[in-house]
Amino acid sequence: MLEVINLRKTYFQGKIPVHAVDGISFRVAPGEFVAITGPSGSGKSTLLNLISSLDQPTEGDVRIEGRSIISLSDAERTKLRRRSLGFIFQFFNLLPTMSAADNVALPLMLEGKKRKPSYQRAAEILERVGLGHRLNHRPDELSGGEQQRVAIARALVFDPGLILADEPTGNLDSKSGVQIMEMVAALSRDFKKTVVMVTHDPSCWSYSERLIRIVDGQIHSIEENKRA
């Protein structure tokens, strides 16, 4: 599903090169749940941005379903992110003046889908994440955990094969964090989605099937999770 090949990203501080990602390679199988962790500044968020094509590497390649995304045009990368990738962010990124249904239906309508089927799809996905009774509530009327469920529903609206999660519990209390991690794990287990999650939280690691530790832009270790 996902292949990262000798990926490098180098920045310059004046004339001094900084290797944020320094020769990383790994594969993620279809339906697998992989967590990426490391200390602050280790390069894990930069790596996620490269996988999602939000940033371009200095060297190397990223292949999704066998297709290189590095050579795509800006328009093609935008299309890829909308239709083939689902994003779950730490701070939810919901539009505050819009309801849960609005936030989930909007990406479909931006792609040219008609209003009625877009809202039918939104209602279906929100029901799946346990928010069928909260369709018309705005983000400020929802708890942090509920807002993250809306974000998960939005990530699923195009039925993407690959879900990218960036610190999905970082803005939640411990109880809500457990609920969200169970839901993220279910995306891989029950919805057959490939999940790549960046997190610094050790309580999240056990939900994944493999844990990739990154230090100074390089893979330090890859651990199989026997508890998954």
Side-chain angles (χ1 to χ4, degrees), residues 1-2 30-31 33 48-49 51-54 64-65 69 72-173 175-197 207:
M1 177 62 187
L2 171 67
F33 182 2
L48 197 67
N49 287 339
I51 292 172
S52 66
S53 80
L54 289 171
I64 296 176
E65 296 180 337
I69 68 172
L72 297 179
S73 67
D74 289 343
E76 289 171 327
R77 285 195 294 271
T78 298
K79 184 177 179 180
L80 171 80
R81 288 191 293 269
R82 281 185 178 175
R83 298 184 180 180
S84 300
L85 305 179
F87 294 90
I88 304 172
F89 302 98
Q90 177 179 350
F91 294 105
F92 320 137
N93 289 1
L94 301 177
L95 295 173
T97 61
M98 303 181 74
S99 70
D102 294 334
N103 270 280
V104 178
L106 181 61
L108 293 170
M109 291 191 291
L110 289 175
E111 282 289 291
K113 306 293 184 183
K114 292 185 178 181
R115 180 181 178 86
K116 185 176 180 179
S118 294
Y119 276 87
Q120 288 175 336
R121 173 66 173 167
E124 173 192 340
I125 298 297
L126 285 165
E127 181 69 36
R128 288 191 189 181
V129 300
L131 291 178
H133 63 301
R134 306 287 267 173
L135 299 179
N136 298 317
H137 289 71
R138 296 189 310 271
D140 63 357
E141 298 172 318
L142 302 172
S143 68
E146 288 173 331
Q147 289 182 61
Q148 191 61 293
R149 291 189 193 192
V150 175
I152 290 172
R154 182 184 56 195
L156 291 173
V157 74
F158 281 109
D159 196 26
L162 177 60
I163 303 291
L164 303 177
D166 189 2
E167 302 284 5
T169 65
N171 204 33
L172 301 175
D173 59 65
K175 181 179 179 180
S176 296
V178 168
Q179 293 173 342
I180 291 303
M181 282 310 307
E182 289 176 349
M183 189 168 296
V184 171
L187 294 179
S188 174
R189 183 184 64 248
D190 301 334
F191 289 85
K192 309 302 181 186
K193 305 297 181 185
T194 305
V195 180
V196 177
M197 175 184 70
Y207 292 89

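What you see below is based on every heavy atom in this structure, not just the backbone, and it leaves out hydrogens, waters and symmetry mates.
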> Would you give the length of the straight line joining atom CE of Met197 to atom CD of Glu167, rounded to the nearest 0.5 angstrom?
8.5 Å
> Between Ile88 and Gln148, does the side-chain contact (heavy atoms from CB on, under 4.5 Å) criterion hold? Intermediate values first, please.
CA-CA 8 Å; Ile88 304 172; Gln148 191 61 293; 3.5 Å; yes
> I need the Ile152 CD1 to Phe92 CZ distance, nearest 0.5 Å.
10.0 Å
> Compare every heavy atom of Ala165 with every heavy atom of Leu48, then report the nearest pair and how far apart it is.
CD2-O, 4.0 Å
> For Phe33 and Tyr207, work out which heavy atoms get closest and say how close.
CD2-O, 3.3 Å
> For residues 97-106, which residue pairs pass the side-chain hydrogen bond (donor to acceptor under 3.5 Å, both in side chains) check, not counting sequence neighbours?
Ser99-Asp102, Asp102-Tyr119
> Would Lys79 and Glu76 pass as an ion pair if we require N to O under 4.0 Å?
no
> Can you see which heavy atom on Pro107 is nearest to which on Arg154, and at what distance?
CG-CG, 4.0 Å
> My understanding is that only one of Leu95, Val150, Leu94 makes a side-chain contact (heavy atoms from CB on, under 4.5 Å) with Pro139; could you say which?
Leu94
> Rounded to the nearest 0.5 Å, what's the gap from CG on Asp190 to CE on Met183? Could you check?
11.0 Å
> Kindly compute the distance separating CZ (Arg134) from CG (Leu126), expressed to the nearest 0.5 Å.
11.5 Å
> Could you tell me which non-hydrogen atom of Ile69 sits nearest to which non-hydrogen atom of Ser53, and how far apart they are?
CD1-CB, 3.8 Å
> Strictly distance-based, threshold 3.5 Å: is any side-chain N or O of Ser84 a donor or acceptor partner for the main-chain N or O of Arg81?
no
> For Arg138, I'd like to know if atom CZ has over 12 heavy atoms of other residues, nucleotides or ligands within 6.0 Å.
no
> Report the distance from atom NE2 of His137 to atom CG of Leu135, rounding to the nearest 0.5 Å.
9.5 Å
> Just jot down the side chain to side chain donor-acceptor pair (under 3.5 Å) partners of Glu141, sequence neighbours excluded, or say none.
none
> When rounded to the nearest 0.5 angstrom, what distance separates NE2 in His133 from CD in Glu146?
6.0 Å
> Which atom names give the shortest non-hydrogen contact between Ile163 and Lys193, and what distance separates them?
CG1-CB, 4.0 Å
> For Pro160 versus Ala155, what's the shortest heavy-atom pair and its separation?
CG-O, 3.2 Å
> Measuring only between side-chain heavy atoms, which start at C-beta, is Leu85 closer than 4.5 Å to Phe158?
no
> Between Arg128 and Leu156, is there a side-chain heavy-atom distance shorter than 4.5 Å?
no
> Is it true that a side-chain atom of Ser188 and a backbone atom of Thr194 form a donor plus acceptor pair closer than 3.5 Å?
no
